[in-house]
Amino acid sequence: MKISIRTRLTVWYVMLLLVSLLSFGGIFSYSLFKIFMHRIDSQISSVANMMVHTVVKPSGQLLIPGDFDIILERFFGIRTAGNYIQVLDPHGAVVARSSNITGFNLPITKETYNNAIKGYTTFEVVRNIGRYPVRVVTKPIILKDQGHVAIVQVASSLDFMEEIFHSLAYIFLYIIAASILLAGAIGWFLAKKALKPVAEITKTARRIGAESLNERINVKTPQDEIGMLAATINEMIARLERSFKQIQQFTADASHELKTPLTILKGEMEVALRAGGNPVQMKEAIE
């Protein structure tokens with residue numbers, strides 16, 4: 001299947017734009033995701049750190065009254081709204097949780113529990129506990145004298161982030177589709193305009209024949225590639241014109257040089273024919 005240069009240029013232009021838009025969309029989405037996750041991690045880390053200093057007495061005893069999240073927010077200024085808070089003992093058993101956790105527990109994997117026992121804080125995204133995933137920080141509470149006394153988990157729903165990224169996906173989809181259509185139309189127009197001199201060169205070159213070798217292709221922009229191509233074709237036509245003129249001159253000279261001996265030969269043959277069939281004169285004429 002023959003594909004014109006105009007079509008190939010348009011396809012290349014559209015593909016380049018598509019790759020650029022997808023790359024930009026990917027980088028933008030990744031950067032925005034990192035920003036959101038950093039802010040969420042900072043928020044739940046702040047709540048977890050305040051929980052560490054609030055729910056444990058200096059003696060190491062847990063101080064967790066009922067509806068502790070409401071008390072924390074009213075009396076200690078710890079903002080728990082929108083956050084899920086859960087406190088576990090050193091063995092991983094739930095000992096308290098915020099009032100907004102109903103019907104489920106924040107899961108803790110074996111790896112996360114082992115990290116907490118070793119004194120490490122773990123950030124992770126947990127799914128399958130609701131419509132939207134949640135970002136969870138698991139932080140151990142370790143006192144100098146008592147050692148490991150509890151584990152605090154603070155989670156925040158990623159619903160707003162999911163909705164934002166879904167909206168961004170639709171926006172990017174529409175933008176990319178519109179950009180591709182617009183780029184295709186513009187690319188087709190620009191390719192047609194750029195290749196118009198080539199069509200004129202082709203038309204002129206087809207019209208030039210042996211009888212019209214004096215014609216030349218009009219070079220409008222001699223400094224670009226198309227102008228250089230037209231100039232090269234003009235030089236080739238000039239060489240052909242000189243060759244044709246040399247051939248014509250050689251033919252004329254050869255015709256002139258052969259005219260005199262042929263005339264003499266014709267005269268001798270006529271004389272021989274008028275000799276009346278005398279064999280001696282015929283032989284002399286032929287010799």
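Through side-chain heavy atoms spaced under 4.5 Å, either directly or across other Ile, Leu, Val, Met, Phe, Trp or Tyr residues, I175 is tied to I171. Here L262 sits in one hydrophobic cluster together with L258; the rule is ILVMFWY side chains under 4.5 Å apart, joined directly or through other members. Listed by chain and number, the hydrophobic cluster partners of I186 are L182, F189, L190, where partners are ILVMFWY side chains within reach of under 4.5 Å, directly or through others.
Scanning for side chain to side chain contact (heavy atoms under 4.5 Å, CB included) contacts around Y120 gives N115, K118, with sequence neighbours left out. In this structure Y13 satisfies the side chain to side chain contact (heavy atoms under 4.5 Å, CB included) test together with A183, sequence neighbours excluded. Listed by chain and residue number, nothing satisfies the side chain to side chain donor-acceptor pair (under 3.5 Å) test with T10 (two or more places apart in sequence, or in another chain). Looking at residues two or more places apart in sequence or on another chain, you find no side chain to side chain donor-acceptor pair (under 3.5 Å) involving Q246. Partners of F160 by side chain to side chain contact (heavy atoms under 4.5 Å, CB included), not counting sequence neighbours, listed by chain and number: F36, I40, I164. Take L106 and apply the side chain to side chain contact (heavy atoms under 4.5 Å, CB included) test, not counting sequence neighbours, and it matches Y84, Q86, I101, F104, I129, Q153, A155. With sequence neighbours excluded, no residue forms a salt bridge (Lys or Arg N to Asp or Glu O under 4.0 Å) with D159.
With a 4.5 Å cut-off on side-chain heavy atoms, T121 and P140 count as touching. Looking at M37 and V125, their side chains come closer than 4.5 Å, going by heavy atoms from C-beta outward. Contact check for R242 versus K245: no side-chain heavy atoms found under the 4.5 Å cut-off.
Applying the side chain to side chain donor-acceptor pair (under 3.5 Å) definition to pairs two or more places apart or across chains, those involving residues 162-191 are Y132-E163. Screening residues 26-39 for side chain to side chain donor-acceptor pair (under 3.5 Å), with sequence neighbours left out, gives no hits.
Closest heavy-atom contact between V136 and I44: C-CD1, 4.1 Å.
T112 and T109 share a side-chain donor-acceptor pair at under 3.5 Å.
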